[in-house]
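Read the structure below first, then the notes.
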Amino acid sequence: MKVIVAPDSFKGSMSSTEAAASIKKGLQFYDPDMTVKTIPMADGGEGTVDALLSILGGTRIEKEVFDPLGREITASYGWINHTKTAVVETAAASGLPLLDTQELNPMETSTYGTGQLIADALERGAEKIILGLGGSATVDAGTGCFQALGVHFLNEEREKLDMCGDSLSSVSKIETDSMHPRMNEVEWTIASDVTNPLLGEKGAVAVFGPQKGVTQEQLPVFEQKMTQYASVVEDHTTKKCRHINGSGAAGGFGFTLFSLLDQPEVESGFRLIAEWSDLKGHLADADLVITGEGKMDSQSLYGKVPVGIAQMAKEAGVPCIALTGKVEGDLHAAKSEGLNVILPIVDEPMSLEEAMSRGKELCKKASHRFMEVYHM
């Protein structure tokens with residue numbers, strides 16, 4: 001029997017690589033002779049570096065940078081030396097997992113640390129940068145990142161601003177001549193599965209703001225800030241990027257990337273990893289696919305990794321199941337996408353904290369338990 005194990009990360013608990021390894025242990029505990037191919041997955045968010053390094057080889061480069069609230073942390077990016085490729089996750093330095101719930105404050109958070117990682121990669125001689133946009137704790141339109149890379153954001157008095165969400169409406173002019181000289185010399189691939197525009201009811205603020213800490217009262221305020229900022233950028237660049245699919249990704253980061261970079265290539269993070277790992281080829285002779293993520297809810301049906309895996313498995317005529325820490329809402333529609341079964345990994349009453357701390361053990365036990373039922 002050949003099983004493909006291709007989970008996303010279980011955020012805050014396990015990386016996709018760790019989840020895949022734990023599921024594999026459970027399967028081979030049931031049958032040591034089972035062929036198990038692990039393919040860690042991601043969608044441009046947390047786990048993208050792990051997934052691409054497991055496929056392409058390479059190392060992690062650690063760097064002292066600022067977290068979303070300006071505190072010093074050690075973050076890392078992937079480095080593939082033979083192709084001079086850097087793989088940077090926005091989540092690594094500017095991500096939600098770096099903050100406690102009570103610390104979420106999009107007025108104050110910034111992507112500055114992501115810019116520090118990119119700057120280090122440029123100084124290292126990067127010729128290609130893959131930038132994953134998922135999982136940010138910010139609604140600063142990526143201005144903090146570009147500030148770290150030399151762009152000046154000025155107020156009406158022509159004073160330089162320290163960029164964060166609150167500063168967006170204070171920007172009256174930007175200066176890009178000071179931007180790192182290699183920014184438009186490298187080949188850029190923006191890995192994101194978010195197709196939302198910058199503004200409006202499907203935009204960066206309305207859809208993703210609340211999970212980053214934007215309150216209902218702040219939503220119109222942030223929308224106004226983002227609208228004003230977009231007008232200043234478009235006046236400077238003469239490019240109209242606010243309606244481009246993905247411009248709303250990572251709190252508007254996509255918009256500034258599309259506006260200030262010459263020719264960034266945009267790829268679905270999931271499709272990029274699926275292609276480079278030859279997932280389609282591995283599915284051709286598989287008997288079963290196991291995917292999963294930390295929580296599955298109605299949003300999982302729209303471009304999330306498990307459903308993307310299930311759709312490919314369905315195309316190949318292979319049954320697919322998902323393991324998850326939590327199931328929320330009505331997911332009956334998942335079956336029509338090729339996801340035959342969704343199984344929570346928790347096997348007894350326990351707190352969220354305990355479940356997350358025991359994620360690897362629970363994944364191993366759940367995959368073993370499923371094989372017992374599968375072969376009944």
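FYI, side chains are in, hydrogens and waters are out, and symmetry mates aren't considered; it's all heavy atoms of this structure.
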Subject >> Test log, rule side chain to side chain donor-acceptor pair (under 3.5 Å), inputs Thr143 and Tyr229 >> reply: CA-CA 10 Å; Thr143 54; Tyr229 167 74; 5.7 Å; no

Indicate yes or no: does [X] engage [Y] in a salt bridge with an N to O separation below 4.0 Å.
{"X": "Asp297", "Y": "Lys295", "value": "yes"}
{"X": "Lys84", "Y": "Glu127", "value": "no"}
{"X": "Lys365", "Y": "Asp347", "value": "yes"}
{"X": "Arg242", "Y": "Glu234", "value": "yes"}
{"X": "Asp166", "Y": "Lys225", "value": "yes"}
{"X": "Arg182", "Y": "Glu185", "value": "yes"}
{"X": "Arg358", "Y": "Glu354", "value": "yes"}

Subject >> Candidate list Val266, Leu131, Ile130, test side chain to side chain contact (heavy atoms under 4.5 Å, CB included), partner Trp188, passing option >> reply: Leu131

Side-chain donor or acceptor of [X] paired with backbone N/O of [Y] under 3.5 Å:
{"X": "Thr324", "Y": "Glu293", "result": "yes"}
{"X": "Ser178", "Y": "Gly150", "result": "yes"}
{"X": "Thr109", "Y": "Ala137", "result": "yes"}
{"X": "Thr291", "Y": "Ala6", "result": "yes"}
{"X": "Asn340", "Y": "Cys320", "result": "yes"}
{"X": "Glu201", "Y": "Ala206", "result": "no"}
{"X": "Asp100", "Y": "Glu103", "result": "no"}
{"X": "Ser94", "Y": "Ala91", "result": "no"}

Original post:
Among all residues two or more places apart in sequence or in another chain, which pass the salt bridge (charged side-chain N to carboxylate O under 4.0 Å, His left out) test with Asp285?
Top reply: Lys2

Flag for [Y]-[X]: side-chain donor and acceptor within less than 3.5 Å:
{"X": "His180", "Y": "Glu123", "answer": "yes"}
{"X": "Gln311", "Y": "Glu315", "answer": "no"}
{"X": "Lys212", "Y": "Ser136", "answer": "yes"}
{"X": "Ser367", "Y": "Tyr30", "answer": "no"}
{"X": "Ser9", "Y": "Ser15", "answer": "no"}

Minimum heavy-atom distance between [X] and [Y], given as atom pair plus value:
{"X": "Cys145", "Y": "Ile118", "value": "SG-CD1, 3.8 Å"}
{"X": "Leu161", "Y": "Ser167", "value": "CD1-O, 4.2 Å"}
{"X": "Ala204", "Y": "Gly252", "value": "CB-N, 3.7 Å"}
{"X": "Met296", "Y": "Leu331", "value": "O-CD1, 3.6 Å"}
{"X": "Leu98", "Y": "Ala92", "value": "CD1-O, 3.5 Å"}
{"X": "Ser16", "Y": "Pro7", "value": "CB-O, 3.4 Å"}

**OP:** Please say whether the positively charged group of Lys173, taken as NZ for Lys or CZ for Arg, lies over the ring of Phe153, i.e. under 6.0 angstrom from the six-membered ring centre and within 45 degrees of the axis.
**Re:** no

Original post:
Would you call the rings of Tyr77 and Trp79 parallel, tilted or perpendicular if under 30° counts as parallel and over 60° as perpendicular?
Top reply: perpendicular

Original post:
Mind checking whether His368 and Phe29 have parallel, tilted or perpendicular rings, split at 30° and 60°?
Top reply: tilted

**OP:** Begin from the C-alpha positions of Thr111 and Asp140 and carry the test side chain to side chain donor-acceptor pair (under 3.5 Å) through to its verdict.
**Re:** CA-CA 7 Å; Thr111 49; Asp140 74 339; 2.9 Å; yes

Original post:
Can you tell me how far OG1 of Thr215 sits from CD of Glu217, rounded to the nearest 0.5 angstrom?
Top reply: 4.5 Å

For residues 58-65, dump all side-chain donor-acceptor pairs below 3.5 Å to protein atoms at least two apart in sequence or in another chain.
| residue | atom | partner | partner atom | Å |
| --- | --- | --- | --- | --- |
| Arg60 | NH1 | Ser76 | OG | 2.7 |
| Arg60 | NH2 | Asp50 | OD1 | 2.7 |
| Glu64 | OE2 | Thr74 | OG1 | 2.4 |

**OP:** In sequence, state the C-alpha distance, the side-chain angles, and the governing distance for Asp193 and Ser268, and then conclude on side chain to side chain donor-acceptor pair (under 3.5 Å).
**Re:** CA-CA 5 Å; Asp193 284 358; Ser268 155; 2.7 Å; yes

**OP:** Inspect the surroundings of CD in Gln102 and state if more than 12 heavy atoms from other residues, nucleotides or ligands are less than 6.0 Å away.
**Re:** yes

Subject >> Residues forming a ring pair (Phe, Tyr, Trp, His ring centres under 6.0 Å) with Tyr112, sequence neighbours excluded >> reply: Phe66

